[in-house]
Amino acid sequence: MPKLFSGIQPTGELHLGNYFGAITNWVELQEEHETIYCIVDLHAITSDYDPDTLRENSVEMAIDLIASGIDPEKSVLFIQSEVREHVELQWIFNTVTSYGDLTRMTQFKDKSEKADFVSAGLFDYPVLQAADILLYKASRVPVGEDQVQHVELTRRIARKFNSRFGEFFPEPEPIVGRGARIMSTADPERKMSKSDHEKHAIGLMEDEDSIWEKVKSAVTDPGESKGEEMSPGVANLFTLLELTAPKSTVEGFREDHKEGKLMYIDLKEAVYENLMGKISPVRKKKRKLMENRSHVEDLLEGGKEKARSIATGNMQEVRKMVGVGPR
RNA sequence: AGGCCUGUAGCUCAAUUGGCAGAGCGCCGGACUCCAAAUCCGAAGGUUGGGGGUUCAAGUCCUCCCGGGCCUGCCA
């Protein structure tokens with residue numbers, strides 16, 4: 001089975017964009033791949049964060065992932081900073097990474113424009129990401145569109161390393177666009193994201209009233225456009241409905257929309273009902289896991305050991321090739 | 001190491017010579033709407049980065065600290 005790596009930052013709880021966009025995909029990929037899923041706390045500290053809650057958030061992210069269907073038996077699930085080889089490999093990669101390449105990373109340009117303090121770590125972030133992937137010699141990386149550039153950089157780093165020190169790393173392939181693209185309910189032109197306005201991201205574990213408020217207040221349109229045309233807001237609601245409701249339900253609403261007799265409040269109620277139906281098992285499972293936190297910590301400990309056994313072996317090879325470090 | 005600039009509401013910024021801390025946007029509530037958006041009405045929101053000092057009075061002046069940005073790093 002091909003080896004697959006992906007990471008997620010422990011910055012608060014999952015929202016519907018994460019869940020339907022990435023995580024449900026991660027769950028499926030477990031079946032046909034050797035999956036390694038990493039909670040990337042070292043990436044999280046490149047932007048403003050709270051040290052007092054980071055560790056807790058990391059464990060909570062693990063809880064959310066397990067509740068969502070990531071199986072610690074099938075997948076290696078662990079916290080990045082617990083395997084120190086990530087950082088060691090990053091440093092080595094720094095020496096084969098082109099400075100000019102890094103300056104061209106659009107995500108860095110975006111983030112550094114917004115941030116009031118731009119750390120060297122933020123700049124070097126894609127190199128750590130390359131180390132994350134290649135430390136396990138993963139050949140596939142499910143990512144969002146915005147991360148493709150980083151995977152391409154990872155490929156260049158692998159190529160450079162291989163030509164300099166000898167064939168060792170694979171050139172990983174990005175897996176893009178398999179997940180759904182959930183848009184913000186308040187601004188359906190933009191992807192749902194927790195960084196922008198919390199208001200527009202619906203948390204997977206958020207309380208029911210609050211989810212209903214957000215679904216109900218989702219942007220639609222004046223309802224005058226009949227037929228094929230569908231505004232982005234309405235299309236987004238249909239996306240959510242498709243992900244959660246039976247086909248017949250979706251078809252019914254589609255018909256109504258085509259004929260111009262769809263009441264959006266009905267659509268919103270259906271989205272809410274079906275959404276809750278779909279995610280309530282996940283929510284229940286999370287509640288159970290929360291009661292037994294130490295069990296989750298044990299699972300993470302196990303994940304760390306599995307990750308480490310791959311990482312230390314590969315790093316030993318790398319050190320040998322590069323000519324540094326303890327043998 | 002030295003020099004210069006800077007910090008005011010969630011965001012962008014204003015505040016005369018030292019004289020009641022404000023606006024726009026956003027957020028929240030209401031009207032309108034099948035629900036929203038737009039629009040209208042309303043409300044909340046501040047230790048002016050922090051401490052000390054001068055003064056009747058400090059966002060404003062002095063001082064120290066914290067944070068951020070820029071310039072210099074040459075010859076002797």
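Bear in mind the structure is a predicted one, so any value in this text is a computation, not a measurement. Numbers restart at 1 for each chain; the letters A, B, ... are given by sequence-line order, proteins then strands.
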Taking only the [atom1] atom of each, what is the distance from [N] to [M] in whole angstrom?
N: B/G59; M: B/G53; atom1: P; value: 15 Å
N: B/G10; M: B/C4; atom1: C1'; value: 31 Å
N: B/A44; M: B/A23; atom1: P; value: 12 Å
N: B/U33; M: B/U39; atom1: C1'; value: 12 Å
N: B/U60; M: B/G52; atom1: P; value: 14 Å
N: B/C11; M: B/A58; atom1: P; value: 27 Å
N: B/A14; M: B/G73; atom1: C1'; value: 38 Å
N: B/G18; M: B/A9; atom1: C1'; value: 24 Å

Provide the Watson-Crick or G-U wobble partner of [N], both distances under 3.5 Å; none if there is no partner.
N: B/A23; value: B/U12
N: B/A1; value: B/U72
N: B/A58; value: none
N: B/A44; value: none

Atom-to-atom span, [atom1] of [X] to [atom2] of [N] - whole angstrom:
X: A/E113; N: B/U12; atom1: CD; atom2: C1'; value: 16 Å
X: A/Y264; N: B/C35; atom1: OH; atom2: P; value: 13 Å
X: A/H257; N: B/A36; atom1: NE2; atom2: P; value: 18 Å
X: A/K214; N: B/C27; atom1: NZ; atom2: P; value: 13 Å
X: A/N236; N: B/A36; atom1: CG; atom2: C1'; value: 13 Å
X: A/R190; N: B/G26; atom1: CZ; atom2: C1'; value: 13 Å
X: A/L237; N: B/A37; atom1: CG; atom2: P; value: 13 Å
X: A/D187; N: B/A36; atom1: CG; atom2: C1'; value: 13 Å

Answer yes or no: is there an ion pair linking [X] with [Y], defined by an N-O contact shorter than 4.0 Å?
X: A/R155; Y: A/E152; answer: no
X: A/K214; Y: A/E206; answer: yes
X: A/E88; Y: A/R319; answer: yes
X: A/E301; Y: A/K304; answer: yes
X: A/K286; Y: A/E60; answer: yes
X: A/K247; Y: A/E242; answer: no

query: Taking the side chain of A/F117 as its heavy atoms from C-beta onward, which of B/A37, B/C34, B/G68 lies nearest to it?
result: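 Of all the options, the side chain of A/F117 is nearest to B/G68.
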query: Under the 3.5 Å rule, do the base of B/C35 and the side chain of A/K268 count as making a donor-acceptor pair?
result: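 Indeed there is one.
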